[in-house]
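Just so it is clear, the values below take in all heavy atoms, side chains as well, and ignore hydrogens, waters and symmetry mates. In this text the structure is predicted, and so the values were computed from the model without any measurement.
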Amino acid sequence: MELDTGAAGPSPLDFKHSQRTIIRCSEHEYSFLSPGTVAEFDWKDYCPAVFRHIQALDNINYDDYMLSICGHEILHDVSSTTRPGALHYLPHDDRFMIKTLKKSEVKEMLPNYYRHLKKYRASLLAKFYGLHFIRPSRGPKVYFVVMSNILKSDQFIHMSYDLKGSSQGRSVNKLEYGQKTILKEIDLDFRFYLDPLTRVRLLTQIKYDCEFLESEGIMDYSLLLGVHVETSHQGIGSGKHPDADVACEDRAHSKRDFELTMPDLCEPNFRPRFRLGVNVPARAIRTPKESNRGIMSMKTEESYNVFLYCGIIDLFQSYSMSKRIEHAYKSLQYDSKLISAVNPKAYSSRFQEFLSTIFQENESDL
């Protein structure tokens, strides 16, 4: 059935609609099958018209999307995972990531999530392109969401960070995202200096995204940050990223410059030559850790030209009873402002404050 993805957007009924089908696979298509056998998967699409609209926002072809998530042994891998929260990397298509979850985690927030993406086309929230369940013959149902790969890039990502703005318990158990090792706050010894208008746009959009998550009662999300290092030089001086002039030209796009209002800065028609959160030019300066600050002060600080890739991930954790208990318990042992489990309002404020210190204004561009 052809779905209408016109400008009118999905109807209220589209948020309740689902489609079910059977996928049959032979050993010629899937190497895990024994000769002469056929595997059947019970497959269900939730809110397909809504997700078709979201795909259209990012110019994703629906047929290509279905080939990517169904045309590989990913069906077997996903259906074999019953634990919610497991990530699957698609080796043949790095645009997408798959995450197993509980069905209600996406459906409950989907109407407001869709409206937020429509209003803020520059949103840094991870994009959800489809919500499905799959069940092999005589197997359990597995619910999963297909989402954007924040770190997709034609450039090599030298460093990747998962940043929450909390410090307690954030120095152990490095994460894996696809084939990349993800570091945490304790490992971050850089500050990133952006063109002033780019910084304002970035932090403004983060503010709008956090307001949405706070209104949905969501906490414990992260900014996933990937860094491509282009060149390096010693000394700070008045150095700036060679592509910063592009951002400056975009700033000249409006005679009002910094008189732009907050909504103007995230307005879809106000588009820089780079997509917000993708391939953003910056200057990274290494900031010594406290234990090494005396030694490092005698040396010239390191400065690098970089490109940044970032987005907000892990959007499903509500401030549930278990999180409230975790907050109460850990508050007895640590500073309550430093632990991850805090209420959505406090989490949003801390998250934004932390990122405003990570992304600094490149004063040499003024």
Side-chain angles (χ1 to χ4, degrees), residues 1-24 40-72 74-75 78-79 84 87-88 90 93-135 141-150 152 208-209 212-213 215-218 266-269 275 277 311-316 318:
M1 181 180 70
E2 188 67 25
L3 296 174
D4 179 16
T5 56
S11 70
L13 290 178
D14 289 331
F15 290 93
K16 301 177 181 179
H17 181 63
S18 63
Q19 292 179 343
R20 197 166 188 167
T21 189
I22 298 294
I23 299 177
R24 292 181 173 85
E40 289 189 352
F41 295 91
D42 189 7
W43 175 275
K44 191 171 186 178
D45 289 327
Y46 291 95
C47 315
V50 178
F51 287 109
R52 288 282 290 273
H53 280 277
I54 295 176
Q55 293 168 19
L57 293 178
D58 282 355
N59 298 315
I60 291 174
N61 179 275
Y62 175 75
D63 292 334
D64 290 344
Y65 166 84
M66 291 302 294
L67 285 174
S68 290
I69 64 172
C70 296
H72 194 265
I74 192 67
L75 287 176
V78 173
S79 62
L87 273 176
H88 295 268
L90 278 63
D93 192 338
D94 63 356
R95 293 176 299 170
F96 308 123
M97 299 288 292
I98 287 177
K99 186 172 186 177
T100 57
L101 74 169
K102 300 175 182 176
K103 178 178 66 172
S104 61
E105 288 180 325
V106 171
K107 288 198 71 177
E108 290 178 357
M109 67 184 296
L110 186 57
N112 291 335
Y113 171 80
Y114 173 77
R115 284 190 284 270
H116 182 81
L117 293 186
K118 285 286 288 184
K119 183 176 182 179
Y120 299 109
R121 295 290 297 277
S123 174
L124 293 171
L125 298 180
K127 303 301 188 300
F128 303 144
Y129 296 132
L131 175 62
H132 314 276
F133 91 58
I134 186 170
R135 178 172 58 186
K141 291 182 181 179
V142 177
Y143 296 93
F144 66 95
V145 64
V146 181
M147 57 188 186
S148 56
N149 179 5
I150 302 296
K152 180 191 181 310
Y208 289 140
D209 290 338
F212 163 75
L213 294 171
S215 70
E216 294 293 312
I218 301 298
C266 296
E267 172 65 31
N269 294 327
R275 180 177 163 191
I312 300 175
I313 62 171
D314 297 337
L315 310 182
F316 306 124
S318 64

K.L.:
Are the side chain of N112 and the backbone of M109 linked by a donor-acceptor contact shorter than 3.5 Å?
P.N.:
no
K.L.:
Work out which heavy atom in S18 is nearest to a heavy atom in K44; give both atom names and the distance.
P.N.:
OG-CE, 3.2 Å
K.L.:
Can you tell me how far the CZ atom of F96 sits from the CE atom of M147, to the nearest 0.5 Å?
P.N.:
12.5 Å
K.L.:
Compare all side-chain heavy atoms of D209 with those of H116 and state whether any distance is below 4.5 angstrom.
P.N.:
yes
K.L.:
Any idea which heavy atoms bring L110 and C47 closest together, and the distance?
P.N.:
CD2-SG, 3.7 Å
K.L.:
Ring pair (Phe, Tyr, Trp, His ring centres under 6.0 Å) with F128: which of F144, Y114, Y113?
P.N.:
Y113
K.L.:
Closest approach of G277 and L124, non-hydrogen atoms and distance?
P.N.:
CA-CD2, 3.9 Å
K.L.:
Provide the closest heavy-atom pair for F15 versus P111 in the form atom of the first, atom of the second, distance.
P.N.:
CE2-CA, 3.4 Å
K.L.:
Please name the pair of heavy atoms, one in W43 and one in C70, separated by the smallest distance, quoted to 0.1 Å.
P.N.:
CH2-SG, 3.6 Å
K.L.:
Check whether any side-chain heavy atom of K99 lies under 4.5 Å from a side-chain heavy atom of L87, and answer yes or no.
P.N.:
yes
K.L.:
Does some side-chain heavy atom of Y65 sit less than 4.5 Å from a side-chain heavy atom of F51?
P.N.:
no
K.L.:
Mind running side chain to side chain contact (heavy atoms under 4.5 Å, CB included) on Y120 and F212 for me, showing each step along the way?
P.N.:
CA-CA 11 Å; Y120 299 109; F212 163 75; over 6 Å; no
K.L.:
Give a yes or no on this: more than 12 heavy atoms of other residues, nucleotides or ligands lie within 6.0 Å of atom NZ of K16.
P.N.:
no
K.L.:
Rounded to the nearest 0.5 Å, what separates atom OG in S148 from atom CD1 in I60?
P.N.:
8.0 Å
K.L.:
Measure from the side-chain N and O atoms of Q55 to the backbone N and O of Y129, and report whether any donor-acceptor pair falls under 3.5 Å.
P.N.:
yes
K.L.:
Do L57 and K127 have side chains that get closer than 4.5 Å, going by heavy atoms?
P.N.:
no
K.L.:
Just wondering, do R20 and F133 contact through their side chains at under 4.5 Å, heavy atoms?
P.N.:
yes
K.L.:
Can you name the nearest heavy-atom pair linking N149 to D94, along with the distance?
P.N.:
ND2-O, 2.7 Å
K.L.:
Going from CZ on R275 to CZ on R121, what distance comes out if it is rounded to the nearest 0.5 angstrom?
P.N.:
9.5 Å
K.L.:
List the steps and the verdict of side chain to side chain contact (heavy atoms under 4.5 Å, CB included) for D64 and R95.
P.N.:
CA-CA 11 Å; D64 290 344; R95 293 176 299 170; 4.1 Å; yes
K.L.:
Give the C-alpha distance, both sets of side-chain angles, the deciding distance and a yes or no for side chain to side chain contact (heavy atoms under 4.5 Å, CB included) between D42 and I134.
P.N.:
CA-CA 6 Å; D42 189 7; I134 186 170; over 6 Å; no
K.L.:
Between L67 and D93, is any pair of side-chain heavy atoms under 4.5 Å apart?
P.N.:
no
K.L.:
Does a side-chain heavy-atom distance below 4.5 Å link M66 with D63?
P.N.:
no
K.L.:
Counting C-beta onward and ignoring hydrogens, is there a side-chain heavy-atom pair between L213 and I312 closer than 4.5 Å?
P.N.:
yes
